Each structure stands twice: as structure tokens, then as C-alpha cells.
Amino acid sequence: MNILRIACKELLQDLRDRWTLIFMLAFPIVLMMILGFALGNAFESTQTIDKIHVLMKDTGENKALSEGFSVFSAEVSKSGILFEELKPGVDGKEEVRKGKYADYVELTGNGILLYSSNFIKLEHQILQGTLTAFAEKFKVGSTIAMLQPDQMEVLTSGSTDHNYIQETSLIPNRKPGAIDYYALAMTAVVALWGAMSAGQLITTEIRQGTAYRLVSAPINKGEIFAGKVLGNLVVNMLCVVIIIFFSKYAFGAYWGDHLSVVILLLLSQVIMAVSLGLAVSYIFQEAASRAILLIITQLGAVFGGAYFPFEEAGIEMTRLLKFIVGLSPVHWTNSALTGIVYRNEIWEAWPVFTVNIGLAAVMLTIAALIMRRKEGL
Amino acid sequence: MNVLEIRELTKKFGEFIAVDNMSLTVREGEIFGFLGANGAGKSTTINLIASLLRPSSGDIRILDRDIAKHSRFTKMNLGIVPQDLAIYKDMTAYENVSFFTGLYGLRGAELRERTEEALKFVGLEDKMKGYPKNFSGGMKRRLNIACAIAHRPKLIIMDEPTVGIDPHSRNYILNSVRKLNEMGCTIIYTSHYMEEVEEICSRLAIIDHGKIIAEGTKEQLVATITDVKEIRIELKKGSDNLLGILRGIPGVRNVDMKEQTIRIFCDLEVDNLGLILKALIDQDADIRSVEEQEPNLETVFLTLTGRTLRD
Ligand SMILES: Nc1ncnc2c1ncn2[C@@H]1O[C@H](COP(=O)(O)OP(=O)(O)OP(=O)(O)O)[C@@H](O)[C@H]1O
Ligand SMILES: [Mg+2]
């Protein structure tokens with residue numbers, strides 16, 4: 001009962017602390033927006049693009065389109081986009097799936113279909129832009145509807161009776177687009193931020209002198225500890241859930257079909273982060289613990305790929321880098337989330353879940369032991 | 001009945017002994033004063049009573065029960081007003097009192113009544129929905145008290161509850177202390193202000209370097225201990241170089257000055273008023289009044305410690 005009382009007080013204070021709350025929510029959302037939409041490909045722009053090889057098949061259903069396209073393809077070949085006719089008996093989608101080509105175009109009676117294995121790559125973006133321009137020019141007066149990889153959201157739509165360019169992700173296990181990628185990664189970062197607020201849990205009571213009243217009240221320290229941790233967990237989890245739903249509904253980020261598993265996995269990371277923050281705040285002095293937690297969360301975010309995905313960015317994954325990346329809780333959660341969301345590999349949640357809860361148990365034990373020996377809170 | 005009993009209590013911080021083998025008894029119905037200079041060990045003693053610190057040795061009993069063995073019972077009967085404010089700035093006055101009082105097992109209508117009662121008691125009934133960040137220093141101090149009394153403890157310990165506040169709030173607090181006492185609470189009161197302690201305490205202890213060096217009623221202490229008299233001289237204009245000159249006069253133990261008033265503490269037997277006045281006149285000091293004080297707690301304190309409380 002006292003635990004709940006303290007947890008509710010904690011919740012009340014955190015929800016009243018508007019600026020911190022706004023920061024906790026706005027920062028990841030804005031970053032998601034900038035990285036996912038505006039800068040989605042900027043980190044690839046330093047790549048020099050040689051030639052873009054595109055596999056192509058004309059079904060011959062639309063004569064005018066075929067003629068237009070041959071002029072177009074001759075034109076763009078000068079600038080390095082090379083369309084290569086699909087050999088008879090070969091399945092274009094299969095070629096993309098196997099990774100022989102990144103993109104495959106089909107000219108059909110319904111318009112131009114574009115299949116791609118990677119929607120973040122710059123090559124793909126260039127091709128898509130060029131094709132869109134062609135389709136616009138070719139069918140003057142008609143509008144072009146372009147489908148997102150998940151074929152759910154129409155980006156530029158007018159009369160939607162014909163889709164001239166369709167994008168369909170071929171990989172049966174889906175691959176994320178930029179915004180989808182950042183939605184997962186940023187949410188994992190927010191879950192790790194729990195460490196920072198938890199690092200302040202006890203010190204704020206001490207700083208305000210209220211630790212005095214809590215300790216002199218007829219409750220035991222375990223109750224104070226549990227109540228504060230519980231309240232903090234709820235607030236952090238609330239932020240995580242808000243970010244999930246905001247990215248899902250406002251940005252159309254894809255979260256897959258197993259939202260409850262996703263939330264459970266993130267909960268385990270929040271629990272781990274909060275325990276980490278608490279343990280660090282008990283082991284180190286106030287200023288040191290704040291610095292340590294800031295470093296852990298920031299590095300965790302960077303190496304967890306929250307600001308840019310290492311592989312997509314073309315950064316060579318050396319042994320060392322792989323090792324460092326492997327230490328980031330954001331990375332564990334992020335890769336498990338990717339598995340669950342895009343490949344329906346629910347089992348990927350459990351190892352990460354277990355590690356998170358295990359680490360949390362160790363760190364809570366450390367914190368509790370130090371607390372019991374300490375005078376006051 | 002003894003509300004508080006401290007036996008051979010010692011608290012060390014490393015090598016430093018903050019409370020040194022202290023023994024003390026406070027009886028039911030008393031307003032007991034703790035008097036001591038900065039760093040004497042008053043707050044440390046109170047923190048030990050509040051279980052915020054663990055004693056290095058010795059024990060503490062509240063209402064005849066050991067606080068380590070019967071922590072729930074003894075804590076239920078104890079209310080502490082800490083020296084530093086202990087309130088949440090982002091919670092209203094009402095929420096503060098209600099939250100802390102709820103930790104004592106009160107619920108529902110009873111909790112509401114006690115919360116309102118305590119806020120009314122300290123004169124904050126109009127500010128229940130106000131946030132302490134918008135309160136004056138005196139109002140925060142009063143809220144600090146309300147948080148400690150709403151659960152109706154038998155023993156209330158106030159650690160300098162009047163530090164740095166306006167006279168109005170101060171009088172309010174002193175009256176509240178008296179009223180709480182009339183309602184049956186035993187009170188331990190610490191202060192730097194000698195006048196406050198003289199005014200409200202029925203008994204007091206003087207603490208120095210973690211030890212109790214005198215204990216009794218004000219009258220007992222004054223009658224048995226002091227061998228110092230205090231001479232107060234009011235000048236038109238104070239000047240610091242006078243102090244050094246006055247200190248050199250035979251029989252003068254200590255001198256301090258606040259605004260235009262010089263307080264000179266002298267040996268009771270030495271008759272040096274003439275020398276003092278001559279020294280002042282030699283310095284062209286413009287004397288407005290001269291007054292010899294009755295022996296009081298200040299002189300007791302000086303006799304015992306060689307210092308004034310303001311030192
Ligand atoms: N946690 C601590 N660690 C080390 N020394 C401490 C600690 N707390 C108090 N002290 C020391 O113990 C001595 C007594 O301090 P205490 O706060 O009890 O004095 P006080 O009588 O309340 O003084 P004041 O009138 O200034 O409030 C001081 O010298 C102080 O520096
Ligand atoms: Mg003190």
C-alpha cells in the first residue's frame with residue numbers, strides 16, 4: 001500500500017514536470033522525423049555511385065508505354081542507369097530476392113511496377129525519382145500514385161485508378177524504410193533513457209530534504225525503494241508507448257503484427273535501464289553517476305544505430321566495431337525488434353528479454369544491498 | 001513518563017565525534033530546548049532520534065521503547081521538523097501534508113481531516129492548493145511544520161524552525177509550539193535565538209562539542225552557573241575598531257556588536273564600567289544609552305563555552 005502511495009506520488013511529480021516530459025517525447029519524435037524523412041539518405045550521399053543496374057521486363061501489354069520506355073532507357077543510360085532485359089525463364093523478383101539486383105522494373109498494362117530489396121539505398125532513391133519523372137512526362141495529365149513498401153499509404157495521389165509506379169518489397173521478410181527504421185531505433189533509445197531518470201530518483205529526495213521524512217516515517221526503506229522504482233518504470237514505459245503509437249499513426253511507421261511482444265520487449269529494456277540508473281546512482285557520487293549515465297545512454301544510442309544504421313551507411317564493420325555495437329542495449333533491442341516486426345520472428349524477443357531482466361536483477365540487488373548498509377536513503 | 005531517553009549516545013563521522021556520550025531525559029509535557037553554537041551536534045542528535053543516522057554506540061528510547069527494536073511504534077509517535085526544508089516544491093501544500101501523513105497509515109476521510117487540520121493549524125488554510133515554490137520563506141517553514149504534525153505525534157522535534165523568516169511567521173510558529181504543547185505534545189526545540197528558547201522552553205540543555213554541558217530550567221542555570229554580566233551600550237554610530245579596544249579592558253571576556261548596539265560581557269566581580277565608558281569617550285563615540293543586563297542564558301552560555309552564541 002505504501003509502495004503504491006509512493007509510486008503514485010512519483011507519477012504525479014513526473015507528469016507535472018512538463019518540460020522534461022516534453023523533451024522526453026519531442027526529442028525522439030523530432031529526430032525520427034528529421035532522420036526518417038529529411039535526412040533519410042543523407043548519410044549515403046558521400047557514396048560515389050558508379051552505375052545502377054536495373055533488371056527490367058516488358059510484358060508488352062501497353063504498346064505506348066513500351067515505346068516511350070525504350071526512348072527513356074536509352075536516354076538515362078547516358079547517366080548511368082542501365083536497364084537490362086530479363087532473360088526468358090528467369091523470375092525477376094527472384095533475382096532481387098537473391099540479391100543479384102537491387103531493383104526490378106516491370107512494364108505492365110497497369111503501369112510501371114518497381115520491386116526493390118532496399119528502400120534506403122541511394123541508388124534506389126535515384127531510380128525511383130527518375131522513373132517517377134518519366135511516368136509523369138509520359139502520361140501527361142495523369143497523376144502518379146506511389147505506394148510505400150507496405151502498400152498501405154499513398155504518398156502523392158490524385159485519381160488513383162492507375163498506379164504507374166508501384167513499389168513492392170520482395171523480401172518475404174520485410175525490410176524497413178527509413179522512417180520505419182528510426183521509429184524502432186528511437187523507441188529503443190527512449191527505453192534506455194529510463195536510466196537517466198532513475199539515476200536521479202534517490203538524489204532528488206535527498207536534495208529536497210524529503211528523504212528525511214520518508215526515512216523517519218514508519219515504513220521500511222524497501223517500500224520507499226520499490227515505490228519509487230515502480231513509479232519511475234510506469235512513467236518511462238508510458239513514454240515508450242506514446243512514441244510507438246505516435247510513430248505508428250502520425251508517421252505511418254511499421255510496427256508489425258506483434259505489438260504486445262514488442263511492448264513486452266521494450267518493457268524489459270526499461271526495467272533494465274531503470275535498474276542500471278539506480279545501481280550507478282548508489283555506487284557513484286551524484287555528479288559522477290550523472291556523467292556515467294549520460295555517456296552510457298548516448299553511446300548506447302550511437303552504437304545501437306539510433307542516429308545512423310552502420311551497415312546501411314556503408315561503414316565497414318570491423319571486429320572492434322562489431323564488438324562495441326554488440327555492447328549497446330539499444331542494439332540488442334533494435335535487432336530483436338527488427339526480427340519481430342519484419343520477419344515475424346517472435347522468438348528473437350526472448351534472449352534479449354532474458355538478458356535485460358537478468359541484468360536488472362543483478363543491478364537491483366547491488367542497489368538494494370548498498371541501500372541497506374547506508375544510513376538514510 | 002519519559003517521552004525521550006537518550007543513554008550514552010555517541011556518533012562518530014570517521015574520526016570526528018559529533019555526539020559524545022550524551023545522556024538526556026525529556027519528560028512528558030515539556031518544551032525542551034537544545035541550545036548550542038553552529039556545529040555543536042544538535043542536528044546530529046536529532047537525526048539519530050529520527051533514525052536517519054545510526055548511533056556508533058548508546059541507545060535511544062521513545063515512550064519507553066527502544067527505537068531500533070520498536071521502530072514502527074516509535075516512529076508513529078514522532079514528528080520531526082527538519083532544519084532544512086523537506087517538502088516537494090512541485091506538489092501543493094495539501095498534497096505534501098497528505099502524502100507524508102498517509103505514510104503513517106491514515107486513509108480516506110480521516111486523512112483529509114487531519115491534513116486540513118494541520119494546514120489550518122499553521123495558518124495555511126488559504127494556501128492549500130498553492131505550490132511551495134510560490135510561498136514565502138515563512139510559509140514554507142510553516143508547511144514544513146504541518147507535514148510533521150498531521151499524524152498527531154506525541155513527541156515533536158523542531159530543528160531551528162524559525163531560521164531566516166519574518167517576525168510575523170516567527171510569532172506564529174512560537175505560538176503554534178505553545179499550542180501544540182497545551183494539546184499534550186512534548187516538544188524538543190532547537191534554536192540559535194536565545195530569546196526564543198528563553199521565552200518558550202520549560203527546560204533546556206546546552207550542547208557544546210557533542211556534549212551536554214548544562215541542563216535545567218532557565219532559572220536553575222542562571223542561578224548556579226553564571227559569573228558573567230552583560231553591559232549593553234547603544235551608540236549613535238557603530239564602529240568596528242571600538243571592539244578591539246574594548247576587548248583589551250581588564251575583566252572583559254567578549255564583545256560583539258549588532259548595528260549600533262555593543263554587547264560587552266564582563267566578569268561579574270570586576271567593576272570596569274568606568275574604564276569602558278572612558279575608552280569609548282576617548283574614541284569620540286557618541287553614547288546614547290548604557291544598560292546592565294540581568295544574567296541570562298547568553299551569559300550562562302558564555303560562562304560555559306567562552307563564546308557568545310553568535311560567534
Ligand atoms: N554526515 C556528516 N559527515 C561528517 N561530519 C558531519 C556530518 N554531519 C554533521 N557533521 C559534523 O558534525 C558536527 C555537528 O553538526 P550538526 O549539524 O549536528 O551541528 P548543529 O549543532 O546542528 O549546528 P547548526 O546550529 O549549524 O545547525 C559538525 O561539525 C558537522 O560538520
Ligand atoms: Mg543543526
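Computed from a predicted structure; not experimentally measured. Residue numbers begin at 1 in each chain, while the letters A, B, ... track the order of the sequences.
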Item to complete: Test side-chain contact (heavy atoms from CB on, under 4.5 Å) on A:Y212 and B:D84 and set out the steps.
Response: CA-CA 10 Å; A:Y212 201 128; B:D84 300 313; over 6 Å; no

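- In this structure, the portions of A:R5 lying under 4.5 Å from any heavy atom of chain B include both its backbone and its side chain.
- Most heavy-atom pairs under 4.5 Å with chain A, from the set B:M76, B:M91, B:K89, B:H151: that is B:M91.
- The contact between B:D90 and chain A is made by backbone and side chain atoms together, counting heavy-atom distances below 4.5 Å.
- For B:L103 against A:I219, the heavy-atom pair with the smallest separation is O-CG2, 3.8 Å.
- The contact between B:N144 and chain A is made by backbone and side chain atoms together, counting heavy-atom distances below 4.5 Å.
- Shown here is B:R112, whose CZ atom has no more than 12 heavy atoms of other residues, nucleotides or ligands within 6.0 Å.
- Enclosure of atom CD in B:E8 is not indicated, since only 12 or fewer non-hydrogen atoms of other residues, nucleotides or ligands lie within 6.0 angstrom.
- In plain terms, the two heavy atoms of B:R54 and A:E375 that are nearest each other are N-OE2, 2.7 Å.
- Smallest separation of non-hydrogen atoms from B:A86 and A:G209: CB-O, 3.1 Å.
- For the atom pair CZ (B:F99) and CG (A:L214), the distance works out to 5.5 Å, reported to the nearest 0.5 Å.
- Only the side chain of A:E205 comes within contact range of chain B, with heavy atoms under 4.5 Å apart.
- Heavy atoms closer than 4.5 Å to chain A are found nowhere in B:F73, neither backbone nor side chain.
- Between A:R213 and B:I80 the shortest side-chain heavy-atom distance does not fall below 4.5 Å.
- Contact between B:Y104 and A:S216 at its shortest, heavy atoms only, is OH-O, 3.7 Å.
- Residue B:I67: no heavy atom, backbone or side chain, is found under 4.5 Å from chain A.
- Atom NZ of B:K140 has more than 12 neighbouring heavy atoms from other residues, nucleotides or ligands inside a 6.0 Å radius.
- There is no contact between A:L377 and chain B, counting heavy-atom distances below 4.5 Å.
- Within 6.0 Å of CZ in A:R372 there are 12 or fewer heavy atoms belonging to other residues, nucleotides or ligands.
- Only the side chain of B:F100 comes within contact range of chain A, judged by heavy atoms closer than 4.5 Å.
- B:L85 touches chain A through its backbone: at least one of N, CA, C or O sits under 4.5 Å from a heavy atom, while the side chain does not.
- Atom NZ of B:K211 has 12 or fewer neighbouring heavy atoms from other residues, nucleotides or ligands inside a 6.0 Å radius.
- More than 12 heavy-atom neighbours from other residues, nucleotides or ligands sit within 6.0 angstrom of NZ on A:K248.
- Closest approach of A:Q208 to B:I87, counting heavy atoms only: OE1-O, 3.7 Å.
- The contact between B:E95 and chain A is made entirely by side chain atoms (from C-beta outward), counting heavy-atom distances below 4.5 Å.
- When the shell of 6.0 Å around CZ of B:R72 is examined, it contains 12 or fewer heavy atoms from other residues, nucleotides or ligands.
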